[in-house]
2 protein chains.
Amino acid sequence: MSKQVSFRFWIHDDNGFMIGEGRILLLQKIIEEGSINKAAKSIGMSYKKAWRLINGMNETSSEPIVARSSGGVGGGGTIVTEKGKEYIEQYLEVKKNAQHFFSDETKQLQ
Amino acid sequence: MSKQVSFRFWIHDDNGFMIGEGRILLLQKIIEEGSINKAAKSIGMSYKKAWRLINGMNETSSEPIVARSSGGVGGGGTIVTEKGKEYIEQYLEVKKNAQHFFSDETKQLQ
DNA sequence: TAGCGTTATACCCCAGCAAATATAGCGCTT
DNA sequence: AAGCGCTATATTTGCTGGGGTATAACGCTA
């Protein structure tokens, strides 16, 4: 009978830019793996879906979130920009606070 | 360029019971209208979808959320139980607090 | 007994998303 | 020049959810 409050949130602006849990996870994996391809595989996501998420973000952001290149050593790859890392930091900060908030709300649910 | 934090949340338990914005809105309309049918129409939702939402809730809840009847005056109808009204109250309370919380988080987003 | 407006349910069709496959282009290395 | 692994994109196929429609049962009223 234990009731619980769960939540989702996302940071967005007026230009259609939107970033939530899935995109943050993907960005973190791209930092770890160095490419969209490997990052997608590591979390069981298709390259196409990962590309759509990343591309959509880049197209709606005033500054690029990732820098992509094809060809060269290892075939190329993708790196997360400073702007991208800034979003990750902000998202994680809000998430931490939100977890506390909803944990308290859950407790008050009798 | 104004960034904003948006959110969704839902109350749930271990038996698969789940109630979020859509179901709350539907319950409120059922109280107003007296039937699933009219409630669904009033928010542009198909009866089928509304029925699935309501039925799923009732099947996973320990106590019924709504009491349904067919036949009789006006063809029958659906009323929201005290348990259902209790959930509405709880949901709105959490929502009010969450709106404050995320409003503050949005402000701190520089 | 006929009519009414519900709840409840089955059926078909279409849209939209997801996975799988294929192909091209890139730039470095060997 | 060939090979490599990546980005980028098109095409096809399959699955799932939702809308629309249709139908039956229900119990009160007239």
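Order of the sequence lines fixes the chain letters, A, B, ..., with proteins taken first and strands second; residue numbering starts at 1 for each chain.
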Q: Between Thr81(B) (side chain only) and Gly84(B) (backbone N and O only), is there a donor and an acceptor less than 3.5 Å apart?
A: yes
Q: How close or far is atom C1' of dT7(D) from atom CD of Glu33(A), stated in whole angstroms?
A: 17 Å
Q: Does dT6(C) have OP1 or OP2 sitting under 4.0 Å from an N or O in the side chain of Arg68(B)?
A: no
Q: Counting primed atoms plus P, OP1 and OP2 as sugar-phosphate and everything else as base, spell out the protein contacts along nucleotides 10-17 of chain C at 4.0 Å heavy-atom distance: B, S or - for each nucleotide, 5' to 3'.
A: -B------
Q: Rounding to an integer number of Å, can you tell me how far Ile79(A) CD1 sits from dT7(D) P?
A: 12 Å
Q: Check nucleotides 22-30 of chain D for protein N or O atoms closer than 3.5 Å to its own N or O atoms and list the pairs.
A:
residue	atom	partner	partner atom	Å
dC26(D)	O2	Gly71(B)	N	2.8
dG27(D)	O4'	Gly72(B)	N	3.3
dG27(D)	N2	Gly72(B)	O	3.4
dG27(D)	N3	Gly72(B)	N	2.8

Q: Could you check whether any side-chain heavy atom of Ile31(B) comes within less than 4.5 Å of a side-chain heavy atom of Ile88(B), counting everything from C-beta outward?
A: yes
Q: Does a side-chain N or O from Ser46(A) land closer than 4.0 Å to OP1 or OP2 of dA18(C), or not?
A: no
Q: Just the rounded figure in Å: distance from P of dG5(C) to CD1 of Ile36(B).
A: 18 Å
Q: Without swapping roles, check the side chain of Ser6(A) against the backbone of Trp10(B) for a donor-acceptor pair under 3.5 Å.
A: no
Q: Within this structure, what is the CH2-to-C1' distance between Trp51(A) and dT9(D), rounded to whole angstrom?
A: 7 Å
Q: Okay, side chain of Tyr47(A), backbone of Ile36(A): is any donor-acceptor separation there less than 3.5 Å?
A: no
Q: Under 30°, 30 to 60°, or over 60°: which ring-plane class applies to Tyr87(B) and Phe17(B), parallel, tilted or perpendicular?
A: tilted
Q: What is the distance, rounded to the nearest whole Å, between atom CG of Asn55(B) and atom P of dT7(C)?
A: 12 Å
Q: Tell me whether Asn58(B) contacts the main-chain N or O of Val66(B) through its side chain, where contact means a donor paired with an acceptor under 3.5 Å.
A: yes
Q: Grab the CD1-P distance between Ile54(A) and dC6(D) for me, whole Å please.
A: 16 Å
Q: Does a nitrogen or oxygen in the side chain of Lys49(B) sit under 4.0 Å from OP1 or OP2 of dG17(D)?
A: no
Q: Please report the distance, rounded to the nearest Å, between CG in Asn37(B) and P in dT7(C).
A: 5 Å
Q: With a 3.5 Å distance limit and no angle check, can you tell me whether Ser61(B) reaches the backbone of Met57(B) through a side-chain donor-acceptor pair?
A: no
Q: Can you check whether Ser69(B) has a side-chain N or O nearer than 4.0 Å to OP1 or OP2 of dT6(C)?
A: no
Q: Before giving the answer on side-chain contact (heavy atoms from CB on, under 4.5 Å), spell out for Gln90(B) and Ile19(B) the whole-Å C-alpha distance, their side-chain angles and the decisive distance to 0.1 Å.
A: CA-CA 11 Å; Gln90(B) 288 183 333; Ile19(B) 192 165; over 6 Å; no
Q: CD1 of Ile30(B) versus P of dT6(C): gap in Å, rounded?
A: 13 Å
Q: Is the distance from the ring center of Phe101(A) to that of Phe9(B) below 6.0 Å?
A: no
